Amino acid sequence: MSVKMQRRLFTVQEYHLMNDAGIFGEDDRVELIEGEIIQMAAINTRHATCVRRLIRQFRQLPEESAFLDVQNPIQLNERTEPQPDVVLQQPRADYYETAHPIPSEVLLLVEVSDRTVDFDRDVKVPNYTSSGIQEVWLWDLEANCLEVYRNPTANGYISVQKFERRETVSPLAFPDFVLSIDGILG
C-alpha cells in the first residue's frame, strides 16, 4: 500500500524562530515562499548592476514620499515572506522597526531576474497579485525588457505590459517620475 507523503510547510513565525535559533547561517540566502524555504540564486554582476541603477534612480524620490528598500523581506501572508530586489514603500515613523512591510504599504515592488525569470514570473508574481500589491516590475535580463504588472485581482493582474529598449516607464505611485529602460539595462 502506498502512502502519500505530505510536505511540512512553515509559517513566517516559525521561519523567524529558525533564523533566531541560528539554523540559517549569516550568508544563507533564503526566503519563505508559500510555506517552503527556498534557496535564492546567487547574484551575478549584471543583476547587481541593474539593482544599483534602480537604487540610483529611486534615490531621487523624496524620502517623505517613499522609503527605498533593497533585498529586504516583506510579509505577504502567514506563509510567504520574499526578499524582493527593490521596494518603494510608504514611509513610517519607525522605519519598519516593529514589523516588515505588508502588501498595503508597498508602493512598487521590483524583481530583477536573469536565471530565475520563470520562478519569479510563475511563482512570485502570482503571490504578489494574490496579496494585493498594486504594482510589480519584473526586469527580465535574459530578454532585456521590463514586464510591468498592475491592478491585482483574484485572477491575476489586470494590466500586464512589456517595455523594451528606447522606452520609458513611470510607477503608478509616481507618474511624473520617468525611468529609461536603457538607463536601467545599460
Side-chain angles (χ1 to χ4, degrees), residues 2-52 54-55 58 67-90 92 94-143 146-149 152-157 160:
S2 178
V3 175
K4 183 178 179 182
M5 303 302 289
Q6 293 189 5
R7 292 186 213 174
R8 166 59 162 93
L9 302 179
F10 298 100
T11 66
V12 169
Q13 182 181 8
E14 292 168 329
Y15 176 65
H16 287 194
L17 289 171
M18 285 187 271
N19 187 53
D20 293 345
I23 291 173
F24 308 121
E26 191 173 306
D27 295 330
D28 284 340
R29 290 184 30 81
V30 295
E31 58 189 347
L32 186 68
I33 306 293
E34 297 175 359
E36 295 186 81
I37 299 169
I38 306 294
Q39 186 167 349
M40 298 166 62
I43 297 175
N44 67 25
T45 55
R46 184 149 189 246
H47 180 284
T49 299
C50 185
V51 170
R52 285 185 199 105
L54 287 164
I55 292 167
F58 287 137
F67 283 177
L68 172 62
D69 215 356
V70 180
Q71 297 168 343
N72 283 323
I74 59 168
Q75 185 174 345
L76 299 185
N77 57 46
E78 287 276 323
R79 294 201 183 276
T80 303
E81 189 176 88
Q83 295 179 35
D85 290 299
V86 177
V87 175
L88 293 178
Q89 56 207 29
Q90 293 176 356
R92 266 188 19 194
D94 73 345
Y95 284 78
Y96 293 91
E97 182 177 13
T98 56
H100 292 309
I102 58 174
S104 63
E105 296 168 315
V106 174
L107 302 172
L108 172 66
L109 184 144
V110 181
E111 291 283 1
V112 176
S113 301
D114 39 21
R115 298 164 300 198
T116 62
V117 69
D118 291 333
F119 180 78
D120 290 344
R121 184 182 295 121
D122 300 338
V123 177
K124 284 187 162 184
V125 169
N127 272 280
Y128 297 146
T129 189
S130 67
S131 69
I133 292 181
Q134 292 300 305
E135 183 171 21
V136 174
W137 289 6
L138 177 63
W139 287 90
D140 182 346
L141 299 183
E142 290 182 345
L146 169 65
E147 297 173 16
V148 175
Y149 300 85
T153 69
N155 298 319
Y157 283 97
V160 179

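Everything numeric in this text was worked out from a predicted model, so none of it was measured.
When the side-chain hydrogen bond (donor to acceptor under 3.5 Å, both in side chains) test is applied to Glu142, no partner is found at least two apart in sequence or on another chain.
Counting only residues at least two apart or on different chains, no ring-ring contact (aromatic ring centres under 6.0 Å, His included) pair has a member in residues 101-135.
Taking the charged nitrogens against the carboxylate oxygens, Glu34 and Arg7 have no contact shorter than 4.0 Å, which rules out a salt bridge.
Note that CD1 of Ile43 and CG of Asp85 are 6.5 Å apart. Values are rounded to the nearest 0.5 Å.
Using a 4.5 Å heavy-atom cutoff, the side chains of Leu107 and Gln89 are not in contact.
Taking the six-membered ring where the residue is Trp, Phe24 and Tyr15 present tilted rings, their angle falling between 30° and 60°.
Scanning both residues, Asn127 and Ile33, for their nearest heavy atoms gives ND2-CG2, 4.1 Å. Taking all atoms of both residues into account, the shortest heavy-atom contact from Glu81 to His16 is OE1-NE2, 2.8 Å. Among all heavy-atom pairs drawn from Leu141 and Val112, the shortest one is CD1-CG1, 3.6 Å. Phe10 and Leu32 make their closest contact through O-CD2, 4.0 Å (heavy atoms, listed as atom of the first residue, atom of the second, distance). Taking all atoms of both residues into account, the shortest heavy-atom contact from Gln83 to Val30 is NE2-O, 3.0 Å. Between Leu76 and Ser131, the closest heavy-atom pair is CD2-OG, 3.6 Å.
Checking each of Leu68, Leu109, Asp69, Val110 against Leu88 for a side-chain contact (heavy atoms from CB on, under 4.5 Å) leaves exactly one that passes, namely Leu68.
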For this session: Report the C-alpha distance between Val136 and Lys124 in whole Å, list the side-chain angles of each, state the deciding distance to 0.1 Å, and finish with yes or no for side chain to side chain contact (heavy atoms under 4.5 Å, CB included).
Result: CA-CA 10 Å; Val136 174; Lys124 284 187 162 184; over 6 Å; no
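No donor-acceptor distance shorter than 3.5 angstrom exists from the side chain of Arg46 to the backbone of Asp114, with no hydrogens or angles considered.
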Ignoring hydrogens and angles, write down the donor-acceptor pairs under 3.5 Å from the side chains of residues 99-106, residues two or more places apart or on other chains.
unit_1, atom_1, unit_2, atom_2, d
Glu105, OE1, Ile102, N, 3.0
Glu105, OE2, Arg92, NH1, 3.1

